[in-house]
J.: 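Sharing a structure, written as structure tokens. Questions coming.
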Amino acid sequence: MKLWGGRFQKETEKAVEEFTASVRFDRRLHRCDILGSIAHCHMLARQGIIASEECQAIVRGLREIADEIAEGKFQWRIELEDVHMNIEARLKEKIGEVAGKLHTARSRNDQVALDMRLFARDAILAAIERLVTFQRTLLQMAEVNRDVTLPGYTHLQRAQPVLLAHHLLAYFEMFQRDVERFTAAYLRCDVLPLGSGALAGTTFPIDRNAVATELGFAQISRNSMDAVSDRDFVVEYIAAASITMMHLSRLAEEIVLWSSSEFGFVELDDAYSTGSSMMPQKKNPDIAELTRGKTGRVYGHLQAILTTLKGLPLTYNRDLQEDKEGFFDTVDTLDACLDICNRMLTTTRIRPRAMRAAAGEGLILATDVADYLVRRGLPFRQAHEVVGRLVAHCLTAGKDFTQLDLDEYRGFSSLFDEEIFEITVDTSVAARKGSGGTSPQAVRDALAASAGLIQRTLDWLAQRPEDANQVLPE
Ligand code: ARG
């Protein structure tokens, strides 16, 4: 007999059960579901809506079910549709009819909204923790390789020399914004929907704030119809995850390039690369490539959830059950990619000489030569023109700037003097002193500021109220 079977004269078709069931995937919410039920039950007893012995029986039953699930002993049944009814049916087997009191003043609609918010909160915190770990790795690499110079690129053409630390801190900044996005998403997710009933609220004298406190929610929802029907917090999670994946994918792309023979800027650790089944010489950056590849599927989940939501009239519609698989897959994908990329990066060997050599070759100092003329009074546009002709000369003569003598320089502008030979890769880098630039001093400041940002995130993570999540087994 279905928990909702009262008004039906026929059994549900097997095919319909198969089609509508979500238990295959939403069983993943079991911990959140039981936590929510325990808090709800405590409140019902405190409010005198159920007796305290009834509450004790229900809570004891729920805890035992949590253990059964944790030990893999729980029998999930497709004909019971979803995680909520599987757990409730088992509770009835264990404690009898009193189990039926648990669902007083509650609907699956506010129940599932609660489960999803509890799950999303944990997922957000986990993402932030992974991001901070990643930022630490970047910061450490930047500190260790403080003196390493490499070409900075635009259009993947050598543009101006930069410090490797500066390049790495660019990613640090991207991940910092990702942390901030997840933090903002957390604040909007951290709202208790329970007490909304099916859609209109409940006739029982419940205490929503008490449930919120027990579950560590900062707020309760202000509108029951909104609370049961929106999943924008799922959208926000997947959107933030998509942006993080986009950043990670760019870094992955650079690892692919840098580990190629053409660049040779880094060497991946054997344990974090893979071979070819045919070509014995190959050492492939599969982790980076798969991260780049998996970014697409996370974007797909974002598109899917937005599309699922866009046509739904208020309030709950069964379409909302489609909020789960893409969300869970996003959580798993993001977690796996951040973790494995962090390990890959930690074990990657930097090749400072190859980087330095690439930074010293060619005509990468052209901007500095132009700036030199500007400092001697030539308008920048004219200086650009002069150096452009100088570059053309170098290309025909097969030389770079360091190989020109003063007469050659002076053939292009009489403003050139001996000081032109002071322009080197190092002076070029050192000259970009302004805050946010690549000079060693500016980068030292940035390193210190970055450490401060990491600390700020750690403080935020530490100040969150303890929720009840420790009470149940994983
Ligand atoms: N499995 C359902 C979901 O995920 C739970 C809510 C069901 N509510 C309902 N009115 N049928 O959306």
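Counting starts at 1 for both ligands and their atoms, following the listed order.
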J.: Check whether the side chains of Asn342 and Thr137 place a donor and an acceptor atom closer than 3.5 Å, and report yes or no.
T.: yes
J.: Could you note down all residue pairs passing salt bridge (charged side-chain N to carboxylate O under 4.0 Å, His left out) where residues 148-163 supplies at least one of them, sequence neighbours left out?
T.: Arg158-Glu361
J.: Is the distance from the ring center of Tyr171 to that of Phe134 below 6.0 Å?
T.: no
J.: List ligand 1's nitrogen or oxygen atoms that come under 3.5 Å of a protein nitrogen or oxygen, with the partner atom and distance.
T.:
residue  : atom   : partner : partner atom : Å
ligand 1 : 1 (N)  : Ser22   : OG           : 3.3
ligand 1 : 1 (N)  : Asp82   : OD2          : 3.1
ligand 1 : 1 (N)  : Gln321  : OE1          : 2.9
ligand 1 : 4 (O)  : Lys324  : NZ           : 2.4
ligand 1 : 8 (N)  : Asn109  : OD1          : 3.0
ligand 1 : 10 (N) : Asn109  : OD1          : 3.1
ligand 1 : 12 (O) : Tyr316  : OH           : 2.3

J.: If the condition is salt bridge (charged side-chain N to carboxylate O under 4.0 Å, His left out), which residues does Asp332 pass it with, not counting sequence neighbours?
T.: Arg28
J.: Could I get the full list of salt bridge (charged side-chain N to carboxylate O under 4.0 Å, His left out) partners for Glu53, not counting sequence neighbours?
T.: none
J.: Hey, would you say the Phe25 and Phe328 ring centroids sit under 6.0 Å apart?
T.: no
